[in-house]
Amino acid sequence: RRSKLTRTTLTDEEVALCARPTSLKDYVQARIDGTIRVSHGENGREFKNCYTCADGTERRQFEVKATHVRCALCGDAHTWSLETDSLVLLNSLKQHCGQ
């Protein structure tokens, strides 16, 4: 079966548009936002890390700061270091929120 893909070459300008440099903070926040899913109630309603409150305010359970990740729902403001391996960090966050 033949592939319908066509090989192409991008110009330097096109490559620059595809690549967006990002900070560690933004990278980790995006990974958390894409990974964390919490089910709630009998109907199993799912909430993502980034959610909207009844008043329309956008919130996150896990917020990435300059040096750490913070659980915004915990009264003791539980934190994890950004120096932690990303897979270990994500597993710790999942465990923390019961995922």
Side-chain angles (χ1 to χ4, degrees):
R1 186 173 178 186
R2 291 180 51 120
S3 172
K4 294 182 180 181
L5 299 177
T6 304
R7 183 175 294 276
T8 189
T9 303
L10 299 176
T11 65
D12 289 342
E13 184 177 304
E14 291 168 327
V15 170
L17 291 172
C18 294
R20 187 181 86 203
T22 186
S23 67
L24 176 63
K25 177 183 178 285
D26 291 342
Y27 172 77
V28 172
Q29 187 70 70
R31 290 286 309 269
I32 292 170
D33 290 347
T35 302
I36 298 299
R37 302 279 187 274
V38 179
S39 294
H40 177 71
E42 292 177 10
N43 66 0
R45 184 170 175 203
E46 191 174 84
F47 293 90
K48 297 178 181 182
N49 186 56
C50 189
Y51 59 93
T52 304
C53 293
D55 67 2
T57 305
E58 191 173 277
R59 304 271 170 105
R60 285 185 166 91
Q61 176 177 356
F62 297 107
E63 299 172 331
V64 180
K65 304 296 182 186
T67 60
H68 62 278
V69 177
R70 176 182 167 272
C71 178
L73 302 180
C74 287
D76 66 352
H78 199 101
T79 62
W80 297 263
S81 171
L82 279 183
E83 293 182 16
T84 306
D85 175 79
S86 62
L87 291 177
V88 172
L89 175 63
L90 288 172
N91 284 333
S92 295
L93 299 177
K94 286 180 181 180
Q95 187 174 25
H96 181 74
C97 69
Q99 185 176 348

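All values derive from a computational prediction rather than experimental measurement.
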- [ ] Please check if the side chain of Gln29 supplies one atom and the backbone of Phe62 the other of a donor-acceptor pair under 3.5 Å.
- [x] yes
Task: Partner set under salt bridge (charged side-chain N to carboxylate O under 4.0 Å, His left out) for Glu46, not counting sequence neighbours - done: Arg37
Open item on the list: Do His78 and His96 make a side-chain contact, defined as non-hydrogen atoms from C-beta onward lying under 4.5 Å apart?
Closed with: yes
- [ ] Would you confirm whether Thr35, through its side chain, and Ile32, through its main-chain N or O, come within 3.5 Å as a donor-acceptor pair?
- [x] no
- [ ] List the atom of Asp85, the atom of Leu87, and the distance in Å for their closest heavy-atom pair.
- [x] OD2-N, 3.1 Å
Open item on the list: How long is the straight-line distance from CG of Leu90 back to CH2 of Trp80, given to the nearest 0.5 Å?
Closed with: 11.5 Å
Open item on the list: If I take atom CG from residue Leu24 and atom OG1 from residue Thr67, how far apart are they, to the nearest 0.5 angstrom?
Closed with: 10.5 Å
Open item on the list: Can you confirm whether Cys97 sits close enough to Ile36 that some side-chain heavy atom of one is under 4.5 Å from a side-chain heavy atom of the other?
Closed with: yes
Open item on the list: Test side-chain contact (heavy atoms from CB on, under 4.5 Å) on Glu58 and Cys53; report intermediate values, then the result.
Closed with: CA-CA 6 Å; Glu58 191 173 277; Cys53 293; over 6 Å; no
Open item on the list: Could you check whether any side-chain N or O of Asp26 sits under 3.5 Å from a backbone N or O of Thr22, counting only pairs where one atom can act as donor and the other as acceptor?
Closed with: no
Open item on the list: If the condition is salt bridge (charged side-chain N to carboxylate O under 4.0 Å, His left out), which residues does Arg70 pass it with, not counting sequence neighbours?
Closed with: Glu63
Task: Connected via hydrophobic side-chain network under 4.5 Å: Leu89 and Leu73 - done: no
Task: Min side-chain heavy-atom separation Thr52-Arg59 under 4.5 Å - done: no
Open item on the list: Within the 4.5 Å heavy-atom criterion, are Thr79 and Val69 side-chain neighbours or not?
Closed with: no
Open item on the list: Restricting to salt bridge (charged side-chain N to carboxylate O under 4.0 Å, His left out), what partner residues turn up for Arg60, sequence neighbours left out?
Closed with: Asp33
- [ ] Indicate, with yes or no, if Tyr27 and Val64 share a hydrophobic cluster defined by side-chain heavy-atom contacts under 4.5 Å among Ile, Leu, Val, Met, Phe, Trp and Tyr.
- [x] yes
Task: Side chain proximity check, Lys48 to Val38, heavy atoms < 4.5 angstrom - done: no
Open item on the list: I'd like to know whether CG of Asp12 has more than 12 heavy-atom contacts from other residues, nucleotides or ligands below 6.0 angstrom.
Closed with: no
